[in-house]
Amino acid sequence: MSSDQPPATDPSEHTEARKAVAEAVLTTPGVTRLEPSLRQAVQHLALFRRLRGEPDEQDWELVELFPGEAGVSARVDIGVDFSRTFLDVGSEVRTRVRGALADNGLEVGRVDVAILTARD
Amino acid sequence: MALDHDDVLACGRDLQTVWDSIGEPPDEHQRNCPTCIDARASVERVQLAATQIREFDRTDASMRPPMTLVESIMNIARSEVRRGRSVVLVHDIAGDVSASEAALAQSVREAVDAVGGVRAQRVSFEENPEGMQVRVKLAMALGNRATEVSEQVQAAVHRLLGRQLDRPVLGVDVDVEDVYEQ
């Protein structure tokens with residue numbers, strides 16, 4: 001997450017939109033997973049969740065939405081395989097995320113997609 | 001301890017001033033002001049409690065985080081560092097598409113290993129406004145010619161990154177660092 005971004009929205013907000021974004025990302029050919037940011041990873045450590053009696057992490061919880069003047073912005077970190085170029089996969093994910101947000105009635109701001117890992 | 005609003009005391013002094021003076025003798029106002037005397041006593045009690053709790057945590061093994069938790073956090077931190085910098089592939093008003101150097105390096109390793117007779121070891125990138133310079137350090141199977149292998153690796157990396165990055169690859173430096181028996 002870049003330092004100039006505002007804090008992510010309350011996790012309880014936009015749950016349906018985040019679920020739709022997660023599905024749109026994970027059904028993109030070439031995408032293998034949603035990657036947690038360092039902050040999310042620490043927050044979602046299984047041990048923490050178990051201590052708090054929370055269920056296991058869901059993919060949509062890794063989708064970060066940020067309120068902004070131009071609408072809701074999104075940050076998506078992904079892992080990919082080598083079936084397509086990074087450029088193709090990343091661009092298609094960005095398009096799909098924009099679509100998923102718009103389909104949920106949100107005004108869409110920036111959508112940043114970061115490919116963090118690649119493996120067969 | 002009487003607070004008017006936020007952390008300003010009823011006498012007009014702020015609590016931080018009282019807090020900062022703990023450990024030092026009270027000034028004249030603090031010696032005579034009932035509010036400050038009360039506040040000072042409260043802050044001293046809080047500080048004593050905090051000190052005791054810290055000491056308790058330090059000496060009670062059950063208060064330390066389990067090693068598995070520490071190790072999990074360190075693994076995440078290490079993997080975050082390993083991902084390295086990001087290379088921006090697309091930058092426009094709709095948002096950025098970027099790839100970590102770790103992901104790009106893995107992609108380059110795959111392309112190099114596919115050449116045959118070589119194993120990629122370390123891959124690094126240097127970006128400047130004109131494009132990207134790539135350095136590949138590899139091990140070569142005995143019996144191969146370093147110049148031929150290097151040319152094949154350079155061609156493979158150029159092809160791959162030309163597609164992946166949509167930006168000029170200025171050059172691909174190949175260092176044969178090791179040899180191995182097939």
Side-chain angles (χ1 to χ4, degrees), chain A residues 1-2 5 28 30 32 35-51 66 68 70-99 101-102 108-120, chain B residues 62-114 120 123 125 132 156-167 169:
Chain A
M1 184 173 65
S2 65
Q5 272 176 320
T28 305
T32 56
E35 293 277 356
S37 66
L38 177 59
R39 183 175 60 78
Q40 285 175 325
V42 172
Q43 277 177 349
H44 293 269
L45 271 174
L47 186 59
F48 281 175
R49 299 184 72 99
R50 265 181 257 136
L51 286 172
F66 306 91
V72 172
S73 296
R75 159 83 191 203
V76 178
D77 295 343
I78 57 173
V80 300
D81 60 27
F82 296 115
S83 62
R84 302 172 69 196
T85 70
F86 291 174
L87 198 56
D88 287 347
V89 178
S91 298
E92 184 172 340
V93 165
R94 190 174 66 159
T95 303
R96 286 177 176 235
V97 170
R98 298 187 72 82
L101 292 172
V108 187
R110 289 178 62 84
V111 174
D112 294 324
V113 177
I115 296 166
L116 295 187
T117 58
R119 63 173 70 94
D120 270 332
Chain B
S62 70
M63 295 305 291
R64 290 189 208 116
M67 282 311 294
T68 49
L69 174 62
V70 174
E71 191 57 29
S72 299
I73 292 171
M74 289 308 296
N75 283 342
I76 293 163
R78 284 189 205 106
S79 102
E80 191 82 358
V81 171
R82 278 199 300 271
R83 286 168 179 167
R85 292 172 299 170
S86 282
V87 176
V88 176
L89 309 179
V90 180
H91 173 71
D92 57 37
I93 195 167
D96 291 347
V97 176
S98 62
S100 69
E101 282 196 351
L104 277 175
Q106 188 57 38
S107 173
V108 168
R109 276 191 211 97
E110 290 279 320
V112 170
D113 290 351
V123 180
F125 305 91
M132 178 173 276
V157 175
H158 267 288
R159 271 197 307 276
L160 171 86
L161 293 181
R163 291 196 311 268
Q164 295 281 30
L165 300 180
D166 192 26
R167 77 171 57 178
V169 175

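The basis for the numbers below is simple: all heavy atoms, side chains too, and nothing from hydrogens, waters or symmetry mates. Below, chain A is the first sequence line, B the second, and so on; all start at residue 1.
Contact detail for A:T85 and B:R163: the closest heavy-atom pair is CG2-CB, 3.8 Å. The nearest pair of heavy atoms linking B:V97 to A:G90 is CG1-CA, 3.6 Å. Taking both residues in full, the closest heavy atoms of B:A103 and A:A118 are given as O-CB, 3.9 Å, listed atom of the first, atom of the second, then distance.
Checking side-chain atoms of B:D96 against main-chain N and O of A:D112 turns up no donor-acceptor pair under 3.5 Å. Checked by atom type and distance alone, the side chain of B:S100 pairs as donor or acceptor with a backbone atom of A:L116 at under 3.5 Å.
Here CG of A:D77 is found 8.5 Å from OG of B:S86. Values are rounded to the nearest 0.5 Å.
Contact of A:F86 with chain B is made through backbone and side chain together, with heavy-atom distances under 4.5 Å. With a threshold of 4.5 angstrom between heavy atoms, B:E110 approaches chain A through side-chain atoms but not through N, CA, C or O. Residue contact with chain A, scored on non-hydrogen atoms closer than 4.5 Å, is absent for B:L160.
The pair A:R94-B:D92 counts as a salt bridge, with a side-chain nitrogen and a carboxylate oxygen less than 4.0 angstrom apart.
Between chain A and the options B:A105, B:A99, B:S98, B:S107, heavy-atom pairs under 4.5 Å are most frequent for B:S98.
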